[in-house]
Protein chains: 2
Amino acid sequence: MKKAKSTMKQTKRSSDSITLEDVARLAGVSTITVSRALNYPEKVASTTLENVNRAISQTGYVPNLLAGGLASKKTKLIAAIIPSITNSVYAETIQHFSSYLREAGYQVILGESGYPEQNEQKLITTILSRKPDGLLLTGVNHSKECRKFLLGAKIPLVETWELTQSPLDIAVGFSHEQVGVAVGSYVTNKGIKQVGSVCANDRRAKIREQAMCDELKRRGIDDIKTAEVSAPTNLQSGRAGFSQLLQQGFRNGIVCCSSDTVAHGVLIEAQARGIRVPYEISILGFGDQNFASETYPAISTVRVDRSKIGLLAAETLLARIDEKAVEKTIIDVGFEIVERQTT
Amino acid sequence: MKKAKSTMKQTKRSSDSITLEDVARLAGVSTITVSRALNYPEKVASTTLENVNRAISQTGYVPNLLAGGLASKKTKLIAAIIPSITNSVYAETIQHFSSYLREAGYQVILGESGYPEQNEQKLITTILSRKPDGLLLTGVNHSKECRKFLLGAKIPLVETWELTQSPLDIAVGFSHEQVGVAVGSYVTNKGIKQVGSVCANDRRAKIREQAMCDELKRRGIDDIKTAEVSAPTNLQSGRAGFSQLLQQGFRNGIVCCSSDTVAHGVLIEAQARGIRVPYEISILGFGDQNFASETYPAISTVRVDRSKIGLLAAETLLARIDEKAVEKTIIDVGFEIVERQTT
DNA sequence: TTGAAAGCGATACCAA
DNA sequence: TTGGTATCGCTTTCAA
C-alpha cells in the first residue's frame, strides 16, 4: 500500500509543509532525483534539472535539514562554545569563524558557557544532541566528564584562545604565560619602576598577571600594586580598580589591565581625577578591542588577532571534517604589544 | 526479520553512536519507554526510571535531536536574525533572549544579515531549513519574497527594534520617529540653539535623524549641521564626523550621534582638540551601550532597554509556541533620554 | 541517468 | 504503566 498523500485528506501523521515528495510529483520524477538535483546538480540531466528547479520555485520548497542530517549524518552545523556573546573579543572571533564557515555552507550554533546557572556538561550535551559536524571551544580547561562527552562525539574539535600541550584535537590560540612575560619585559625595558595591575578574576587573566609579576620580580621590580575586579568587567571595574591602586599608594608608573574595557575605565577615572595620561601614568590594556587602530591614543594594548583565531579555527576544522590531513594541531597565533602615541 | 545490531557486526547503514535502542536493550525495556523516561519521567514507574537512568549514564547516551525533532516536529530551536553579532546592542538583546529561552529548554541559532555577500532570502531559507520553532527578526523591513517564506514557515515570528502598524506576527520595539522627536524637543527645551548630527548611513538611524531635524525645524531651529558616516561605525567614525561638523562651522551646541560608539569618538576628538565637554559642547549618544550607569559622565544618551526587548521577545514567542493567547502583538518598550552629570 | 527500497533515530498512536 | 508499529523527510545503497 503506497502512500498517496495528495489524494487522501490526511494521513496519520501528515504535515502541512512541502516536502521533496511534493516537488517530485510536480516535476514528474522520483524524490531521489530531486534530492540529487539539489545536492549534486551535475549528476542530473539538464532537462530534468530544469523541471525540478521549476517545481521547487513553484512550490516554495524549503529542504528539511533535520531529515537530511539524520539520513546523511552530516548536519552542516558547527557548534561554538564561548563564555559570552556580549564580550566583544569572543563575538569578533565568532564573527570571523562563522563568516568563513558560512561560505563553505556551514552554519554555526552558539552556546554560552559563562553563566553559572548553566553547567558546562549540560551545555555540551545540549549542543552535541544537535549533532554538529564540528565544535569550537574557548579555553582548554574542561572537566573530566566534559572531555569524555567531547571525545565521545567523535567529531573534530578546536580549542581556542589558549594553548595546551595536549589538545583534545586541535588548538588555535596563544600562550597567556608568554603574554605576561612579554608585558613584564616591555615594562622594564621602558624603564618603568612602578607597576599597578587591575585584573579580572578570570582564569586566563590571572595566568597573564601571574606570569607578568614573576617576570617583573625576576627583573628586579618588586613594587607591584594589584587590584582584583570581578568578571565580567565594565568601565566601572576599571574606575574602581584604579581607585584601589591609588589607595594602595600607586602614583607614577604603568597600570596593566586585564582587558581594554578595564583600561578604558582606568583612563576615565584618571581623567576624572585630573591625572594626565600618558604623562603621569601610562595604561596598558589587553585585547585591542574597541580601539580601532590609531583611534585611541592614550592607551597601549596587547593585540590579539581575533580574525586570525576565528579564521584558522574554521579552516582547520573544515580540513578535519573533509578528512584532509592537518599539518599542525597546535597553532600559535601570537600577540603583539601595540604602543599608542599621543597625537 | 528484526534488527539485532548488537549481534551482527555491521548493518547496512550502521552508525557508531549510541542510540535509544542501545539504552533500551541495556535497561531491558523498549525504546519508547526510554524516550518517556527522558521526556515525561512522571509517566514511568520509578523502578523503571532508575533502570533507564542507570543505563543512560552507563552508556553516556546523548539524544539525537535531529531524529527527535523530525518525529515530533518540535525542534526546541529558535532562530534569531540580527545585523551583526559584534554590534553590542544586538548582542545584548540576543544574550537576554537566549538566556530566557535556555531556561525554557530552547536553544537559539543565529543568523547575521548585515553582510552584503549574504542575501537575506538565502539566509532565511538556510535558517528555516533547520525547522526552528520560532524566529526573531531585527527590523521590520523585509522584501516581499522574504515575507512569503517567513509566513510560509507557519511558526511564530517576532520583529524587534522597530515597530510597525502591520507586523508579520508580533513586534517588540520602539518608534524611531518618536526618538527623533523626543531628541528634538529635548534639545530645544534645554535652550540649545545649534545642533550637529553625526549619523551612520543606516536605515533606522536615518529615520531618527530625519524626525529630529523635522522637530527642530518645527521648533524654529534651523542651524543644523550634519555629517554622515558609514556603518558599521567605530570610534574613528565619531572623530571624523565631528571634524566634519567643525569644518562646517559648528562651534557651541550639542552633537547628536546615531550611536554611543560615535558619541564616544566625538568625545575623543573633542578632547584631542581641547574642546571641553560638556562645557563648550555637549554630546548625545544613542543606545546606552558600553556606558554602565553613572560611569561615563560626559555623554548623555538615549537609553534603549535591550534586556527588555530580548526578554519580551522571548516571552511572547514562547507564549505563541505554547499556543497561549497573546494579548498584545505590538509591544512598545519605549526609550529614555539619560542625562549624565559631570562628577 | 534514474529509481525502489531500506534505513537514519527518535516520537505518535493505539493497544495491551 | 508499557510496548508494537508506523511514521517524520531525507539520503544511502544497489539495481536497472
Side-chain angles (χ1 to χ4, degrees), chain A residues 1-5 8 10-25 27-52 56 59 61-76 128-131, chain B residues 1-5 8 10-25 27-52 56 59 61-76 128-131:
Chain A
M1 187 179 69
K2 295 239 176 155
K3 272 197 291 186
K5 207 192 286 179
M8 55 175 80
Q10 287 275 337
T11 57
K12 200 160 58 167
R13 287 167 71 187
S14 79
S15 82
D16 41 3
S17 68
I18 293 142
T19 70
L20 259 193
E21 202 178 323
D22 299 318
V23 177
R25 199 180 311 115
V29 296
S30 71
T31 59
I32 182 61
T33 300
V34 180
S35 171
R36 285 202 192 98
L38 285 164
N39 300 309
Y40 312 93
E42 72 282 3
K43 292 193 168 185
V44 169
S46 62
T47 47
T48 316
L49 191 56
E50 274 173 41
N51 277 334
V52 170
I56 287 176
T59 51
Y61 170 70
V62 175
N64 182 331
L65 254 45
L66 294 182
L70 181 58
S72 68
K73 302 199 171 304
K74 281 173 217 148
T75 54
K76 292 280 177 179
L128 289 181
S129 60
R130 305 274 173 199
K131 300 292 169 185
Chain B
M1 186 178 70
K2 296 241 177 153
K3 274 197 289 186
K5 208 191 289 179
M8 55 176 79
Q10 290 274 339
T11 57
K12 198 160 58 166
R13 286 169 70 187
S14 78
S15 82
D16 41 4
S17 71
I18 294 141
T19 70
L20 213 48
E21 201 177 322
D22 299 318
V23 177
R25 197 179 312 116
V29 295
S30 71
T31 58
I32 184 66
T33 301
V34 179
S35 171
R36 285 201 192 97
L38 285 164
N39 299 308
Y40 313 94
E42 72 283 2
K43 293 192 167 185
V44 169
S46 62
T47 46
T48 315
L49 190 56
E50 275 173 41
N51 277 333
V52 171
I56 287 176
T59 52
Y61 170 69
V62 174
N64 183 331
L65 254 45
L66 295 181
L70 180 59
S72 67
K73 303 202 169 302
K74 282 174 217 148
T75 53
K76 293 279 178 181
L128 289 181
S129 59
R130 305 274 174 200
K131 299 292 169 188

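Just so it is clear, the structure is predicted and the values come from calculations on it, not from any experiment. A note on names: the letters A, B, ... follow the listed sequences, proteins ahead of strands, and every chain is numbered from 1.
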When the distance from [atom1] of [X] to [atom2] of [N] is rounded to whole Å, what number comes out?
{"X": "A:Leu65", "N": "D:dC8", "atom1": "CG", "atom2": "C1'", "result": "15 Å"}
{"X": "A:Leu70", "N": "D:dT7", "atom1": "CG", "atom2": "P", "result": "17 Å"}
{"X": "B:Lys131", "N": "C:dT11", "atom1": "NZ", "atom2": "P", "result": "19 Å"}
{"X": "B:Asn51", "N": "D:dT1", "atom1": "CG", "atom2": "C1'", "result": "14 Å"}
{"X": "B:Asn39", "N": "C:dA10", "atom1": "CG", "atom2": "C1'", "result": "9 Å"}
{"X": "B:Tyr40", "N": "D:dT2", "atom1": "OH", "atom2": "C1'", "result": "16 Å"}
{"X": "B:Arg25", "N": "C:dG9", "atom1": "CZ", "atom2": "C1'", "result": "13 Å"}
{"X": "A:Ile32", "N": "C:dA4", "atom1": "CD1", "atom2": "P", "result": "11 Å"}

Determine whether a donor-acceptor pair (N or O, by modelled atom type, separation under 3.5 Å) exists between the side chain of B:Thr75 and the backbone of B:Lys131. yes
A:Ser72 side-chain N/O to A:Gly68 backbone N/O, donor-acceptor pair under 3.5 Å: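 Checked: pair present.
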With the side chain of B:Ala45 defined as its heavy atoms from C-beta on, choose the nearest nucleotide among C:dC8, C:dA10, D:dT1. D:dT1
With respect to the phosphate group of [N], does any side-chain polar atom (N or O) of [X] fall under 4.0 Å of OP1 or OP2?
{"X": "B:Thr48", "N": "D:dT2", "result": "yes"}
{"X": "A:Thr31", "N": "D:dC10", "result": "no"}
{"X": "A:Lys73", "N": "D:dT12", "result": "no"}
{"X": "A:Thr33", "N": "C:dT2", "result": "no"}
{"X": "A:Ser30", "N": "C:dG3", "result": "yes"}

Where each residue is assigned the nucleotide of DNA chain D containing its nearest heavy atom, which of B:Gly28 and A:Val34 is assigned the position nearer the 5′ end? B:Gly28
Of A:Leu66 and A:Lys74, the one whose closest DNA chain D nucleotide lies more 5':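 Upstream on the strand: A:Leu66.
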Spacing of CG belonging to B:Leu49 relative to CD belonging to B:Glu42, to within rounding of 0.5 Å: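 Going from the CG atom of B:Leu49 to the CD atom of B:Glu42 covers 9.5 Å.
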Report the distance from atom OG1 of B:Thr33 to atom CG of B:Leu20, rounding to the nearest 0.5 Å. 9.5 Å
Quick check on DNA chain C: between B:Tyr61 and B:Arg36, whose nearest nucleotide comes earlier from the 5' end?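 Taking each residue's closest nucleotide, the earlier one in sequence belongs to B:Tyr61.
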Please give me the minimum heavy-atom distance between A:Leu66 and B:Leu66, naming the atom from each residue.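 Scanning both residues, the minimum pair turns out to be CD2-CD2, 3.5 Å.
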